[in-house]
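We count ligands from 1, going down the list as the structure has it; atoms in each ligand are counted the same way. Just so you know, these numbers use all the heavy atoms, side chains as well, and skip hydrogens, waters and symmetry mates.
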Amino acid sequence: MTGTALRVDVVSIFPEYFAPLELSLIGRARAAGVLDLVVHDLRTWTHDVHRTVDDTPYGGGPGMVMRPEPWGAALAALAPADAPPPRLVVPSPAGTRFSQALAYELAAEPRLVFACGRYEGIDERVLADAALRMPVTEVSLGDYVLFGGEVAVIVIMEAVTRLLPGVLGNADSLAEESHAHGLLEAPVYTKPPSWRGHDVPEILRSGDHGRIARWRRDQALLRTAARRPDLIAALPPGALDKRDLATLDGAGFQVPAAGMAK
Ligand code: JQB
């Protein structure tokens, strides 16, 4: 493994959940030495005969809570005090929303530790104590409830891995993709030129790269305005030029002042 590889440790009571990370691009990144990923069983850090990781919640209520002691021992092992601390990422329905911007941040770190909770979550003191020694980021995939953090870690690692240098093999595909420029992408087509009576837009077959680029920009703007008006509203000042505004205005979309060029 090279010195530039992103080192990732994942702690879970279901380490077998992470078998998919051997496949496809993530597997390739690992084989290429840009990603060094190790999955750990939280029960490694239990000491009782039943390898207990949960207990009843203080204050009552349904379900169980993950005990702090195994997590404390796991983080002591994976973030020793004599080494630069990793960034601890904890999936939680109470976290801030995962985004492409956070994926870029995580891809730029040297070391990540993911803590996968189950049941009703991890005793809050684990996060409070970890935060004394390392940056802690609680992250949510979205406003729906999962059984635990494992699937979230797979999603996050897929988003992060494709940003690692050398994984995609084409810097352009990163720069042009959805969310990189704050807009959805234009529709894409391949052969054949006509299929079941649906034709590929003539302009894409014209060879006029200037008009194609403009058409794709217009399609991106119109799709985003129709499907994700929140993304249009969140564009940084100056993201839309006069031509963009004319495209949106021509289709009847109101543009908030934020995205407008001066
Ligand atoms: C336990 C999780 C998610 C981690 C993300 C997302 O914590 C809970 N609280 C209430 C009900 C159920 C749970 C279950 N649970 C650990 C854990 C859920 C993550 C999670 C998540 N990331 N939804 N749910 N977007």
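- Nearest non-hydrogen protein atom to atom 9 (N) of ligand 1 is Pro93 CG, 3.7 Å.
- Looking only at protein heavy atoms, the nearest one to atom 10 (C) of ligand 1 is Glu120 OE1, 4.1 Å.
- In terms of protein heavy atoms, atom 11 (C) of ligand 1 is closest to Val145 CG1, 3.6 Å.
- Side-chain contact check for Leu164 versus Leu35: some heavy-atom pair is nearer than 4.5 Å.
- For Ser140, heavy-atom contacts with ligand 1 shorter than 4.0 Å involve the backbone as well as the side chain.
- In this structure, the salt bridge (Lys or Arg N to Asp or Glu O under 4.0 Å) partners of Glu109, at least two apart in sequence or on a different chain, are Arg87.
- Of all the atoms in ligand 1, the ones that sit under 4.0 Å from a non-hydrogen atom of Phe147 are 1 (C), 14 (C), 15 (N).
- Neither the backbone nor the side chain of Cys116 has any atom closer than 4.0 Å to an atom of ligand 1 (non-hydrogen atoms only).
- Using a 4.5 Å cut-off on side-chain heavy atoms (C-beta onward), Thr247 and Leu222 make contact.
- Looking only at distances, a side-chain donor or acceptor of Asp244 sits under 3.5 Å from a matching main-chain atom of Asp241.
- Protein heavy atom in closest approach to atom 23 (N) of ligand 1: Tyr144 O, 2.6 Å.
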Could you go step by step and tell me if Ile122 and Arg67 meet the side chain to side chain contact (heavy atoms under 4.5 Å, CB included) rule? CA-CA 7 Å; Ile122 303 170; Arg67 299 170 53 218; over 6 Å; no
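- Remark: ligand 1 atoms within the under-4.0 Å shell around heavy atoms of Tyr119 are 1 (C), 13 (C), 14 (C), 15 (N).
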What verdict does the side chain to side chain contact (heavy atoms under 4.5 Å, CB included) test give for Leu6 and Asp36, after you've listed the backbone C-alpha separation in whole Å, the side-chain angles of each residue and the deciding distance to 0.1 Å? CA-CA 6 Å; Leu6 170 62; Asp36 175 14; over 6 Å; no
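- Residue Pro91 approaches ligand 1 through these ligand atoms, each under 4.0 Å from one of its heavy atoms: 4 (C), 19 (C), 22 (N).
- Residue Leu146 has at least one N or O atom closer than 3.5 Å to an N or O atom of ligand 1.
- At least one side-chain heavy atom of Arg205 sits under 4.5 Å from a side-chain heavy atom of Pro193.
- Distances below 4.0 Å separate heavy atoms of Ala152 from the following atoms of ligand 1: 22 (N).
- For ligand 1, one of its N or O atoms has an N or O atom of Gly142 under 3.5 Å away.
- Of all protein heavy atoms, the one closest to atom 2 (C) of ligand 1 is Gly148 CA, 3.7 Å.
- Residue Val139 has at least one heavy-atom neighbour below 4.0 Å for each of these atoms of ligand 1: 22 (N).
- With respect to Arg97 and Asp143, a salt bridge is recorded, a charged nitrogen being found less than 4.0 Å from a carboxylate O.
- An N or O contact shorter than 3.5 Å is missing between Arg118 and ligand 1 by distance.
- With sequence neighbours excluded, no residue forms a salt bridge (Lys or Arg N to Asp or Glu O under 4.0 Å) with Asp208.
- In this structure, Arg216 and Ile212 have side chains that are in contact, with non-hydrogen atoms separated by less than 4.5 Å.
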